[in-house]
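Worksheet: the structure to be examined is printed underneath.
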Protein chains: 2
Amino acid sequence: MKARRDVYQAIADPTRRAIINMIAAQPHNVNAIAANFDVTRQAISLHIQILADCGLINVKQQGRDRVCEARLDQLSEISVWVDQYRQHWENKLDNLEKYVVNLKNERNGKQSK
Amino acid sequence: MKARRDVYQAIADPTRRAIINMIAAQPHNVNAIAANFDVTRQAISLHIQILADCGLINVKQQGRDRVCEARLDQLSEISVWVDQYRQHWENKLDNLEKYVVNLKNERNGKQSK
DNA sequence: TACTTGCGCAAGTAAATGCTTGCATTTATA
DNA sequence: TATAAATGCAAGCATTTACTTGCGCAAGTA
């Protein structure tokens, strides 16, 4: 279970990206997060642990709740790595723009799941 | 379940990131790439196939050689996703700047972004 | 033609991943 | 105090991943 546990690995999973997306907007406790997915609470709990392990989220104990909030500093590592190769796609700004517009629509449309 | 084979997954593996880095500088054939790693040619071949599958590299047959060149357009997807959360780390610009400066020195002056 | 080089395909393996169910523990509430 | 809620921990399981070795074939070269 040790294995690689870096930021690249962490964001490779779509569920974890969805979790990040969720708590980046607003902190939630574990159950609230799990309620938005089809898998069990335990599965989500594991994802949260992985995200916490590499510093992408912060978990605070509040009474019986464990509130998760985004601490996405580590993403800068990804950002920098990707930006090295920006020249490879920057002449395709049109496509990129479409992608951004889609993303925005998606995020305005539905918040959960 | 079909294996997930998206860009996030592709760059999650450090060997694949190293391959990208290698051929982004200059195209190489499969054996030349494999020569730079401790694993077998077959293992590298698989990585190359994965990278090609999600469009990160382009493989051209040239005689008996298969030349791999970087086509990193797909990285824009990562870039856009990460940039949504830029606010989470931008107050740590000092560290980031150091990192970028190092990177730029390493790559000897050509700026991206 | 005979040999070498480049490389894919296939089968096998060990480990990691993602998920489940079951149970224990702590904290809030009726 | 009894019960419900929030959550972790652990064992088990099916898939996927990252490798390996072995083999064959096409394209160059002696």
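Predicted, not measured: the structure shown is a model, and the values here were computed from it. Below, chain A is the first sequence line, B the second, and so on; all start at residue 1.
Under the side-chain contact (heavy atoms from CB on, under 4.5 Å) criterion, Ala43(A) pairs with Val39(A), Thr40(A), sequence neighbours left out. Annotation: side chain to side chain donor-acceptor pair (under 3.5 Å) contacts of Gln61(B) (sequence neighbours excluded): Arg66(B). Checked against side-chain contact (heavy atoms from CB on, under 4.5 Å), Leu46(A) has the following partners two or more places apart in sequence or in another chain: Ile50(A). Evaluation of the side chain to side chain donor-acceptor pair (under 3.5 Å) rule for Ser79(B) yields Arg86(A) as partners, not counting sequence neighbours. Qualifying side-chain contact (heavy atoms from CB on, under 4.5 Å) partners for Gln62(A), counting only residues two or more places apart in sequence or in other chains: Lys60(A), Val67(A). Contacts of Asn31(A) classified as side-chain contact (heavy atoms from CB on, under 4.5 Å), with partners at least two apart in sequence or in another chain: Asn29(A), Arg41(A).
In the set dC9(D), dG8(C), dG8(D), the nucleotide with an atom closest to the side chain of Arg66(B) is dG8(C). For Asp65(A), taking side-chain heavy atoms from C-beta onward, the closest of the listed nucleotides dT17(D), dT7(D), dC19(D) is dT7(D).
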Between protein and nucleotides 25-29 of chain D, what N or O pairs are separated by less than 3.5 Å?
residue, atom, partner, partner atom, Å
dA27(D), N3, Arg64(B), NH1, 3.4

Write out a two-atom table: protein N or O, nucleotide N or O from nucleotides 20-23 of chain D, distance below 3.5 Å.
residue, atom, partner, partner atom, Å
dT20(D), OP2, Thr40(B), N, 2.7
dT20(D), OP2, Thr40(B), OG1, 2.4
dG22(D), O6, Gln42(B), NE2, 2.8

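Residues from residues 24-31 of chain B that place a heavy atom under 4.0 Å from any atom of DNA chain C, listed by number: Asn29(B), Val30(B), Asn31(B).
How far CG of Asn58(B) is from CD of Glu69(B): 5.0 Å, rounded to the nearest 0.5 Å. Taking CD1 of Ile57(A) as the start and CD of Gln49(A) as the end, the distance is 10.0 Å to the nearest 0.5 Å.
The interatomic distance linking Ile44(B) (CD1) with dA18(D) (P) rounds to 11 Å, in whole Å. Rounding to whole angstrom units, CD1 of residue Ile50(B) and C1' of dG8(C) are separated by 15 Å.
Heavy-atom minimum distance, Leu72(A) versus Leu56(A): CD2-O, 3.2 Å.
Here Ser45(B) reaches the OP1 or OP2 of dG8(C): one of its side-chain N or O atoms lies under 4.0 Å away. Taking 4.0 angstrom as the limit, His47(A) places none of its side-chain polar atoms (N or O) nearer than this to OP1 or OP2 of dT17(C).
Sorted by first then second residue, the salt bridge (charged side-chain N to carboxylate O under 4.0 Å, His left out) pairs that include residues 44-55 of chain A, not counting sequence neighbours, are Arg5(A)-Asp53(A).
Using Watson-Crick or G-U wobble geometry with both donor-acceptor distances under 3.5 Å, dA30(D) finds its partner in dT1(C).
At a threshold of 4.5 Å between non-hydrogen side-chain atoms, the residues Leu75(A) and Ile11(A) count as touching.
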